[in-house]
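We count ligands from 1, going down the list as the structure has it; atoms in each ligand are counted the same way.
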Amino acid sequence: MERLDAFFARAAAAYYARGAAFGQEGDFTTAPEMTQVFGECLGLWAAVTWQAMGAPARVALAELGPGRGTLMADALRAAREAMPGFAAALEVHFVETSAALREAQRARVPGAAWHGSAETLPAIPAILLANEFLDALPIRQLVRRGGAWRERFVEGGRFVELPTELDPGPAPEGELREIGEPREAVAALLARRVASHGGAALLLDYGPAECAPGDTLQAVRGHAVADPLAEPGTVDVTAHVDFAALARAARVAGARVFGPLPQGLFLSRLGLHARSALLAGAAPGRAATLMAAAHRLTAPEGMGRLFKALCLCHPALPRPAGFEE
Ligand code: SAH
């Protein structure tokens, strides 16, 4: 028997160790695997943010959970074109635990440095990116039963409820609460970093702007819904990100917080549609794919509303691009 967060961590590690899960052929498709324009927009965002930081001569461009390295490769290409000074100042750092995915990242971004956790990133000004990273970090689940809280454990592919030391206060019978301590710890760590060394962290993920009670543990396999308690390594297990909790943790740790903003609004403000149309015009054979991806990333019924953008900044940094009021 294992507490849910221990099971989740084991399942995620086993799954990502396989490495080949992303993309059209894999179990799920993330934004950078849908269109090059996603990473390009974030590269331009990083370049503008570097300027707002006072164009430091040395800056870390770091990504947490870079998957196949696609986002960073696209971001670097756009940054080199648009702002060579930024491209010359930056060094790429990846936070990644999967050896197989590190290899995929090395193939796309050869000059990067790798870290097992964000704690060992260099103590220099940084622009940090994370897309669908936090949703892969473990959660705990509490259920209200008979006027007390119980906690979910996993045994033989099923939930078992046991007494817990946690007490989030009174709630209706049967209510389920999720707690993502490692996620809030990452937000706090990034917030401390940008507050002490300068810079900004941009977190993109799916989840509600305000925390909502309920069970969001889920799994996919071959682009279809699967059992999250299935044999570790066979399905991709995630859960919604509680952006309100991340924002609280980041503020306590000293960062200024912008958002969460719906991803559709954020990407539209960064020019996702215009850039997609430009590329489509230049490459008619890819036009339909490019425009469909731009639509899916921004449409409310696609990934435009459920996905959010949250930015944690050094307190002296001006309002970041895309987060205009
Ligand atoms: N950002 C990519 C991949 C998202 S999948 C994309 O958008 O396509 C989650 C990524 O986080 C994978 O690269 C996975 O190996 C990595 N990851 C998961 N848990 C991690 C952990 N605890 N520490 C570091 N990386 C982790």
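With a 6.0 Å cutoff to the six-membered ring centre and a 45° limit on the axis angle, Arg106 counts as a cation-pi contact of Trp114.
Between Pro32 and ligand 1, no pair of N/O atoms sits closer than 3.5 Å. Not one N or O of Leu64 is nearer than 3.5 Å to an N or O of ligand 1, by distance alone. Between Asn131 and ligand 1, a contact under 3.5 Å exists for at least one N or O pair.
With ligand atoms numbered from 1 in the order given, ligand 1 contributes 20 (C), 21 (C), 23 (N), 24 (C), 25 (N), 26 (C) to contacts under 4.0 Å with heavy atoms of Thr97. In summary, the atoms of ligand 1 found under 4.0 Å from a heavy atom of Leu101, numbered by their order in the structure, are 12 (C), 13 (O), 15 (O). Of all atoms in ligand 1, numbered sequentially from 1 with element shown, those under 4.0 Å from a heavy atom of Glu96 are 12 (C), 13 (O), 14 (C), 15 (O), 16 (C), 25 (N). The distance from ligand 1 to the heavy atoms of Glu132 drops below 4.0 Å at these ligand atoms: 4 (C), 5 (S), 9 (C). Taking a cut-off of under 4.0 Å to the non-hydrogen atoms of Gly67, the atoms of ligand 1 that pass are 2 (C), 3 (C), 13 (O).
Residue Glu210 qualifies as open at atom CD: its count of foreign heavy atoms under 6.0 Å is 12 or below.
In this structure, the side chains of Asp236 and Arg221 stay at 4.5 Å or more apart for every pair of heavy atoms.
Relative ring orientation between Phe307 and Tyr206 is described as tilted, the plane-to-plane angle lying within the 30° to 60° band.
Only the side chain of Thr30 comes within 4.0 Å of ligand 1, judged by heavy-atom distances. If you look at Leu137 next to ligand 1, the close heavy atoms, those under 4.0 Å, all belong to the side chain.
Aromatic ring centres of Phe266 and Phe323 lie closer together than 6.0 Å.
Checking Thr30 against Glu132 by side-chain atom types alone, no donor-acceptor pair falls below 3.5 Å. At a cut-off of 3.5 Å, with distance as the only test, no side-chain donor of Arg150 or Gln141 sits close to an acceptor on the other residue.
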